[in-house]
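Indexing begins at 1, ligand by ligand and atom by atom, following the structure's order. All heavy atoms count here, side chains included; hydrogens, waters and symmetry mates do not.
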Amino acid sequence: MMLRCRVNLSTMIFLVILQGATVVLFCSWYVQLTPCGSAPSNGKVHVVLLSSWRSGSSFLGQAFSQHPSVFYLMEPAWHVWTRLQKPGARSLRMAVRDLLRSVFQCDLSVMEAYLPDNHNVSSLFMWSHSRALCSPPACPLTPRNQLSNQTHCLQRCDAQGLQGAQEACSTYSHVVLKEVRFFELESLYPLLQDPALDVRIVHLVRDPRAVMRSREASAKAFMRDNAILLEQRSVPAAEAQYQVMQEICRSHVRINERALEKPPPFLKGRYKMLRYEDLARNPLEEIRAVFRFVGLEMTVQLGQWIYKVTHGKGKGSKKEAFDITSRNAADVSQAWRTSLPHEKVRRVQRVCQGAMSLLGYRTVSSDQEQKRLDVDLLAPREPYQFSWLPTKTQRPGQD
Ligand SMILES: *[C@@H]1O[C@H](CO)[C@@H](O)[C@H](O)[C@H]1NC(C)=O
Ligand SMILES: *[C@@H]1O[C@H](CO)[C@@H](O)[C@H](O)[C@H]1NC(C)=O
């Protein structure tokens, strides 16, 4: 009797300790998703697709936008940058951050500060690129599980005010906002620490030489943004493009290092870097990994769409890979090597040296080397592929 009792007692103690350990383990595992004990975001995930101009973010954005679980908006910050007079990027970043926070919480009233009187859904920047704005409840046109056609949406889904859009937003598990107007992570810290939000940052970068070539092709379109980025300093036009590239490259380093080298606890596991070139070479696999990182599953229909838009014909000298028309994405990502003069390549390499070595873009030292397309300039990204979340955010049945 005594013995049995003692055995039971020590078994009990053992079980209690085991249970305690399990709770601690589970908690430390879970803390990577949402801090234990904090108010939940109701399972809603908030994704910042952080990129820079001409880096393939429209394409990756579309992959999100077409997903049936995603409410997607392009560039809410565009409204901030275009509405205010002669500002600088530094003074705008908090306004942009607060705008993002409200939109993540599906409060679109914040947009009113930047929109005209009597605004409509069509007042939102590139609104018809958002599948959610073309689907119920925002618009009856496209069933939520089908791919949206921008042309049709543009004709049929405008509506007065933003109530419909706001209502739609709250029915999705994921809100994804694409931004090319963030140049550091610190201003996003309050969002990362907000228990009502579950923020993931997907950082999309691209070879600065390719970005340079692409920006040159439509230089005029960038004048206003350039001025803001250069804090309205007066810089000769020929010089401005290199200074802008330098700012962009510096921001890549700043953001990447901040997120991966001794990140604050709330940033751990919430950042994933992605190179345009890897996306171009392996679109399906890379997008699958990004989806996994934010807790979305790839659908058959999306998989087919991704294949189609990345395996078209033609190098597309005028347009870009991923301009959502079909072309061979991997070819297009190399186009700068034959079309950007070597002198310019050397200058970009100089101003972007740090970023290129950090992100794995090999420099070329001669015109010959530049034009030899069999020389691969993409270094593998092993050391920085590090990420905390991926597999653990997977839900059952997810791919
Ligand atoms: C919004 O739509 C209404 C009605 O169609 C129209 O009168 C108004 O001009 C539109 N607003 C803007 C800012 O285009
Ligand atoms: C969208 O619809 C238009 C007109 O019906 C069509 O020409 C176009 O190819 C469609 N776009 C896509 C991407 O399916």
[X] NZ/CZ over [Y] ring centroid, <6.0 Å and within 45° of normal:
{"X": "Arg224", "Y": "Trp81", "value": "no"}
{"X": "Arg131", "Y": "Phe64", "value": "no"}
{"X": "Arg83", "Y": "Tyr114", "value": "no"}

For ligand 1, what N or O to protein N or O distances fall under 3.5 Å?
unit_1, atom_1, unit_2, atom_2, d
ligand 1, 2 (O), Asn120, OD1, 3.2
ligand 1, 2 (O), Asn120, ND2, 2.5
ligand 1, 11 (N), Asn118, O, 2.8
ligand 1, 11 (N), Asn120, ND2, 2.9

Is there less than 2.5 Å between the SG of Cys134 and that of Cys139?
no
So, is Thr151 polar-close to ligand 2, with some N/O to N/O distance under 3.5 Å?
no
Would you please indicate yes or no on a ring centroid separation below 6.0 angstrom for His252 and His203?
yes
Salt-bridge contact Arg93-Glu184 (side-chain N to carboxylate O under 4.0 Å)
yes
When you compare the side chains of Glu277 and Tyr361, does any donor N or O come within less than 3.5 Å of an acceptor on the partner?
yes
Measure His152 to ligand 2 on non-hydrogen atoms and call it side chain, backbone, both or neither using the 4.0 Å cut-off.
side chain
